[in-house]
Amino acid sequence: MANSFATQLTAALLVACLATAVRADDETPQPSPSPSAQAPSGQNPSGQKGRAGRGETGSGANAAANAPAAEQHRLPPDSTTKQSVALPGRTLAFSATAGSIRVFDDKGEPLADIAYTSYQLDGAEKASRPVTFLFNGGPGSASAWLQFGNVGPWRLPFDGAVASASPELQPNADTWLDFTDLVFIDPVGTGYSRFVTTSEDARKRFFTVDGDANSVALVIRRWLEKYDRLTSPKYVAGESYGGIRGPKVVRNLQMQQGVGVRGLILISPVLDFRDYTGSSLLQYVASLPTMTAVARQAKGPVTREDLADVESYARGDFLLDLVKGQADTEATARLADKVASLTGIDPAVSRRLAGRFDISEFRREFDRKNGKVTGRYDASIEGFDPYPDSSSFRFNDPSGDPLMAPLTSAAVDLTTRRLNWRPDGSYHLLSESVSKGWEFGHGISPPESVTQLRQMLALDPKLKLLIGHGLFDLATPYFASKIILDQLPAFAGPGRTRLAVYPGGHMFYSRDGSRQAFRKEVEALVK
């Protein structure tokens, strides 16, 4: 118990360190004019433009001593170019900037350069022009998925992509740039973002739930200051693990950075990891409608309305029989047979598993007779099981893995050739070092962002929340978000929160109709 307590205390202190010690600036750090200018202990850093919050005399000397090592890793100066895209019925002219914001600790010592790509429409009034900050999840994912699959001025076709597909980008008729400027952020360790410190302790602070969110919020604040956009209407959008990061970023902006946000847009989010861990019965409740949607789409098109009977069963008789447990053999048999009829899984297999399918088991059993597995990101997509006779799961994701090569090449080509920003080193679309090094823990409690959702909606009655999901997404099933939204108090009711569900998977925007429908939802939110 003593060792366990020490481990938990150490993890908590690391998170607290980043919450109090990270700030960003574009200038060489200088000493603060007085102790009163520093952020109080226990609060997030000020991130002030200028000199506030930089530590006492002597920190500038530390920064200078560290400068040679930091400069070896520094990203190149920002590059701004004039661009235009010809789209149906209009041509958009805009400034595109590829660059970075450097993050420092409270002693003025550089920690990381965090890369961003921004698109600002020409001729717009800054004070009234909305700006949306976007990031993906992982943890360890760059923002290219949202930028080139959904939102940016250029798009890479995702639907039906294979690893050898051409990485050539096409003008995106469904870009959000018509109604909001766009800033895509790559958290440290993803894309071209990188550490400039050699301190392992400092590096580890970024790979924590709170440390990550605090650093992203700080970069948003600094971008707004840098481009004189503090008075603009502001929105935040996150995908996947962005469901954890997004509410925490908004809450940090509200309370620590002095930045109000009008809306939060979450795409295929996870909001509470407690639903997917251990013996939680909610994991089976959340995934059953999606598994049924996969079975039904094999016979024809499916919409969420077609799943009303399954949603009712999942939160009713199914949950009741789950709670009764396998000690009740009658309930277990009834549940297993019903799940088999809904999902198309062999009834004998369903009875052997007591109707409790985890994601990997469903993916393999759904079409095992043909030696195929479904995708995790999009279970309506199938691929060959490389080891169909193995007793263990040894397959990857046929709905996500084929995108890795073309999307990486597209991101690098656009950044270096069209935007004229050429960092040295590699571009990381999905960073294993980030995902493997991530510290999720708050003691024994898995991370969740429902707390921050409630707090931010309670604080600002004008703030709105939009969540989009794909019907066939087994990574973050839509019904998990539905269950959570239904638990929110009346002040966060349907007038302020909306769940939209579309045909498709985790990247439902790969389908033209789903991408276009969600764009209309976002435009209505922003306007």
Side-chain angles (χ1 to χ4, degrees), residues 132 134 137 146 150-151 176 235-247 250 261-276 282-283 285-294 302-316 319 377-379 448-454 456-458 463-509 511 513-526:
T132 302
L134 305 99
L146 283 177
N150 189 12
V151 178
W176 298 1
Y235 297 82
V236 171
E239 180 176 329
S240 195
Y241 178 80
I244 298 292
R245 178 185 285 144
V250 171
V261 175
R262 293 196 180 184
L264 174 62
I265 303 157
L266 297 178
I267 300 168
S268 306
V270 56
L271 299 170
D272 193 338
F273 276 105
R274 294 174 296 186
D275 296 344
Y276 300 95
L282 285 179
Q283 61 185 303
V285 177
S287 61
L288 183 61
T290 293
M291 293 178 181
T292 305
V294 174
V302 177
T303 65
R304 186 187 171 195
E305 288 69 27
D306 300 323
L307 299 171
D309 61 318
V310 189
E311 292 186 12
S312 178
Y313 169 66
R315 68 188 348 160
L319 180 57
Y377 285 152
D378 189 337
E448 54 85 18
S449 61
V450 182
T451 298
Q452 287 74 32
L453 275 181
R454 285 173 171 253
M456 73 185 201
L457 290 166
L463 192 155
K464 293 188 176 182
L465 170 67
L466 171 64
I467 298 179
H469 272 285
L471 278 174
F472 313 127
D473 180 7
L474 285 174
T476 56
Y478 79 89
F479 202 52
S481 291
K482 169 63 176 171
I483 293 170
I484 288 172
L485 291 179
D486 285 347
Q487 310 308 311
L488 295 180
F491 67 76
R496 299 181 59 199
T497 60
R498 173 162 169 72
L499 172 65
V501 184
Y502 307 97
H506 201 65
M507 292 81 75
F508 61 82
Y509 47 78
R511 304 191 181 201
S514 298
R515 181 177 65 256
Q516 291 158 7
F518 189 64
R519 181 186 186 274
K520 291 179 181 178
E521 293 278 0
V522 175
E523 185 174 14
L525 176 72
V526 172

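Count residues from 1 along the sequence.
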Please determine whether side chain to side chain contact (heavy atoms under 4.5 Å, CB included) holds for the pair Y502 and Y478, giving the CA-CA distance in whole Å, both sets of side-chain angles, and the decisive distance to 0.1 Å. CA-CA 10 Å; Y502 307 97; Y478 79 89; over 6 Å; no
Scanning both residues in full, the closest heavy-atom pair of P477 with A286 reads CB-O, 3.4 Å
Got F479 and T290 here, is their nearest side-chain heavy-atom distance under 4.5 Å? no
Check step by step if side chain to side chain contact (heavy atoms under 4.5 Å, CB included) holds for D486 and R315. CA-CA 12 Å; D486 285 347; R315 68 188 348 160; 2.7 Å; yes
Take D378 and H506, measure what side chain to side chain contact (heavy atoms under 4.5 Å, CB included) needs, and give me the verdict at the end. CA-CA 6 Å; D378 189 337; H506 201 65; over 6 Å; no
Side-chain heavy-atom pair I467, L271 within 4.5 angstrom cut-off: yes
Examine distances only and state if a side-chain atom of T497 and a backbone atom of L465 form a donor-acceptor pair shorter than 3.5 Å. no
Hey, what's the ring geometry for F508 with F518, parallel, tilted or perpendicular (30° and 60° as the breaks)? perpendicular
Quick check against the 3.5 Å criterion: does Q487 have a side-chain atom that pairs as donor or acceptor with the backbone of I483? yes
Side chains of R245 and S449, heavy atoms from C-beta outward: is any pair under 4.5 Å? no
Any sub-3.5 Å donor-acceptor pair from T476's side-chain atoms to S268's backbone N or O? yes
Rounded to the nearest 0.5 Å, how far does OH of Y377 lie from CG of L474? 12.5 Å
With a 4.5 Å heavy-atom cut-off, do D272 and L282 have their side chains touching? no
Step-by-step side chain to side chain contact (heavy atoms under 4.5 Å, CB included) determination, V151 to Y509: CA-CA 9 Å; V151 178; Y509 47 78; over 6 Å; no
Can you tell me how far apart CG (L146) and CD (E239) are? Round to the nearest 0.5 Å. 4.5 Å
Tell me the closest heavy-atom pair linking V302 and A293, and the distance in Å. CG2-O, 4.1 Å
H469 and L499, any side-chain heavy atoms less than 4.5 Å apart: yes
I'd like to know if the side chain of S312 reaches the main chain of A308, judged simply by a donor and an acceptor atom lying under 3.5 Å from each other, with no hydrogens or angles considered. no
Atom CD in E305, atom CD in E311: separation rounded to 0.5 Å? 9.0 Å
Looking only at non-hydrogen atoms, find the nearest pair between Y241 and V270 and report the distance. CA-CG1, 4.0 Å
Between the main-chain N or O of K464 and the side-chain N or O of R262, is there a donor-acceptor pair closer than 3.5 Å? no
Nearest-0.5 Å distance, CG of residue L266 to OG of residue S240: 11.0 Å
To the nearest 0.5 Å, what is the distance between CE on M507 and CG on D473? 8.5 Å
Do F491 and L457 come close enough that some side-chain heavy atom pair is under 4.5 Å? yes
D309 side chain reached by T292 side chain, heavy atoms, under 4.5 Å: no
For T303 and D306, what are the C-alpha separation, side-chain angles and deciding distance, and is it a side chain to side chain donor-acceptor pair (under 3.5 Å)? CA-CA 5 Å; T303 65; D306 300 323; 3.2 Å; yes
Search all heavy atoms of E521 against all heavy atoms of A500 and return the closest pair with its distance. OE2-CB, 4.5 Å
Ignoring hydrogens, what is the shortest heavy-atom contact between A314 and L288? Give both atom names and the distance. CB-CD2, 4.3 Å
Just so I know, are the side chains of L134 and W176 near enough to count as touching, which here means a heavy-atom distance under 4.5 Å? yes
Value for CG (L453) from CD1 (I484), rounded to nearest 0.5 Å, stands at 8.0 Å
Using a strict 4.0 Å threshold on nitrogen-to-oxygen distance, state whether E523 and R519 make a salt bridge. yes
Non-hydrogen atoms of L463 and R496 that approach each other most closely: O-NH2, 2.8 Å
